[in-house]
Amino acid sequence: NFEQIIAILTENDLIKEEDFFRLYATVTNSTDGFEDGIKTMRSNMDYEEILNTLQSGPMRSQTITVQFKEGMSVRQIAEALEDKKVCKADKFLELCNSDMFDEEYPFLAEIPKDENCVYKLEGYLFPDTYEFYIGEDAEDSIRRFLDNFEYKICTSTRTVSGYTDAVSIETIIKDKGMTINDVVKMSALVQAEAANINDMYVVSSVFYNRLDTVPYEGVSPYGDYDLDKLKSDATLYYPYDAQEDIPAEVVATFKSNYNTYNIAGLPPGAICNPGLDAIDAAIY
C-alpha cells in the first residue's frame, strides 16, 4: 500500500520529507496504481519522476539468465523463477493450468479437457536457457517457454528418412497417427525414468508394449495380465516430486490421479518437461 511504499522510498534515501511526498501524491491523485516489480531509480529524482516510475511497468534494464534442465516440473520452474525474482510462483502456476494461451498456440488448444489434469502446460515449458526481465509478468515468462516449444516442435524442420523434404516434429507425430499431447505425456515419463539417451528408447518401448494391451484390459496374448498399467515410480506423488514434498495437511489422504500403478494407460497430463531426446524416443 501507499504507506509501505513511502517507507521503502525513505529507507532507500529517495525521499527525505515523507509528509511533503504524501501531500504531493495526494494532490496529484497519485496514491495508487503502482505496478509491482524491481524499479531502477536515481537519488536525484523529483516527486513526479518517482511516482511515474512507480506507476509504470518494471524497468526493462535488469535481466537475468536462467537454465532449466530436462525433467524439471512446472512447480520446480515456478519456484526457480520466484527465487530469481522474475515473477511470483503462485501466479505462474495459476496460469499453467489456464486456457489463456490456447488462441496463441494451436497445440495447446488441441489438448483434451481432463478434470484430473493438474497443470495443463506441464510438458510444454521447453527446457532450455532463457533470459528474463526482473519483475516481469508471469504470462510473459510462460510465453518464452511456449514460443520455444512451438519453434522446436512445430516450426523448425529436420531431414528424416521417408520424407523428400525436411519436416517438423509436429508433422512426423501427426503422420504417425499420434497427437502432440500423447507424445508429450509419454516423453515426460521417458525423461523421468530413463538413465541415459539409449535407455530412453528401451523405456519407451516397454511403455508402448504395455499401452498395446489397454484394449484387452491389460492381458497379453501370452496370458500375462495387468500390463495396461505403466507402473512408473515417477508418477506416484505427482504433482509433488516425492512423498516428503506433500503438504502435511493432505499427506494422510493424498492420492495422485497420475499414479500409473492404479490407472491404465497414460496419466491425465505430463509429469515433467521433457527435452528433445525424450521426445524423439517417444516418437520412435
Side-chain angles (χ1 to χ4, degrees), residues 1-69 72-101 103-105 119-122 124-149 239-241 245 247-249 273:
N1 61 42
F2 184 52
E3 290 302 318
Q4 291 171 318
I5 287 174
I6 289 177
I8 293 172
L9 295 174
T10 303
E11 180 184 350
N12 287 277
D13 297 322
L14 288 162
I15 59 175
K16 305 297 183 186
E17 301 290 338
E18 292 186 13
D19 288 340
F20 282 119
F21 181 81
R22 189 180 290 107
L23 176 62
Y24 180 87
T26 302
V27 170
T28 58
N29 295 316
S30 303
T31 58
D32 56 18
F34 302 118
E35 296 283 341
D36 63 350
I38 304 296
K39 308 291 182 177
T40 302
M41 307 176 80
R42 304 183 315 278
S43 60
N44 63 346
M45 294 172 75
D46 61 30
Y47 290 171
E48 182 180 12
E49 287 181 286
I50 290 174
L51 290 166
N52 286 340
T53 301
L54 292 172
Q55 292 173 326
S56 65
M59 300 298 288
R60 294 311 195 188
S61 59
Q62 290 184 293
T63 61
I64 187 169
T65 301
V66 189
Q67 181 183 28
F68 299 93
K69 295 182 178 180
M72 289 182 70
S73 67
V74 160
R75 292 172 64 87
Q76 290 173 325
I77 290 173
E79 290 168 2
L81 289 172
E82 179 165 296
D83 182 62
K84 299 295 185 180
K85 296 181 172 54
V86 174
C87 62
K88 293 294 185 182
D90 56 354
K91 181 61 176 179
F92 187 90
L93 292 174
E94 176 188 334
L95 292 173
C96 279
N97 196 33
S98 73
D99 299 328
M100 75 168 295
F101 302 99
E103 292 187 7
E104 298 174 66
Y105 304 97
Y119 295 115
K120 178 176 180 176
L121 300 190
E122 186 80 88
Y124 294 88
L125 305 184
F126 200 87
D128 210 333
T129 299
Y130 296 87
E131 186 173 24
F132 302 92
Y133 291 111
I134 297 294
E136 71 178 27
D137 292 334
E139 58 189 78
D140 291 335
S141 299
I142 289 174
R143 285 190 179 93
R144 298 184 196 283
F145 292 100
L146 296 178
D147 285 345
N148 199 9
F149 182 95
Y240 306 105
D241 299 320
D245 297 324
E249 63 270 21
N273 294 278

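All residue numbers refer to positions in the sequence shown, counting from 1.
- Side-chain N/O atoms of Ser141 and Glu136 include a donor and acceptor closer than 3.5 Å.
- How far CG of Leu93 is from CG of Leu121: 10.5 Å, rounded to the nearest 0.5 Å.
- You'll find the side chain of Leu9 reaches within 4.5 Å of the side chain of Ile5, heavy atoms only.
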Note to self: Could you go through Glu3 and Arg22, starting from their C-alpha distance and side-chain angles, then the distance that decides it, and tell me whether this counts as salt bridge (charged side-chain N to carboxylate O under 4.0 Å, His left out)?
What the structure shows: CA-CA 9 Å; Glu3 290 302 318; Arg22 189 180 290 107; 3.0 Å; yes
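- The CD1 atom of Ile50 sits 11.0 Å away from the CD1 atom of Ile6 when rounded to the nearest 0.5 Å.
- The two residues Asp245 and Tyr240 come nearest to each other via the heavy atoms O-CD2, 3.6 Å.
- Applying the side-chain hydrogen bond (donor to acceptor under 3.5 Å, both in side chains) test to Thr28 and every residue at least two apart in sequence or in another chain returns Ser30.
- Put simply, CG on Asn273 and CD on Glu122 are 5.0 Å apart, with the number rounded to the nearest 0.5 Å.
- More than 12 heavy atoms of other residues, nucleotides or ligands shown are found within 6.0 angstrom of CD on Glu249.
- Phe92 is listed as a side-chain neighbour of Ile77, based on a closest heavy-atom distance under 4.5 Å.
- Under the 4.5 Å side-chain criterion, counting only non-hydrogen atoms from C-beta, Phe20 is not in contact with Ile15.
- Annotation: Phe145 is in aromatic contact with Phe68 [ring centroid separation under 6.0 Å].
- Distance check, rounded to the nearest 0.5 Å: CD of Glu139 to NZ of Lys91 gives 7.5 Å.
- Residue Phe2 qualifies as enclosed at atom CZ: its count of foreign heavy atoms under 6.0 Å is above 12.
- At a threshold of 4.5 Å between non-hydrogen side-chain atoms, the residues Ile64 and Lys85 do not count as touching.
- For the residue pair Asp140/Tyr133, the side-chain donor-acceptor check at 3.5 Å is not satisfied.
- Expressed to the nearest 0.5 Å, how far CE of Met72 lies from CD of Glu79 amounts to 8.5 Å.
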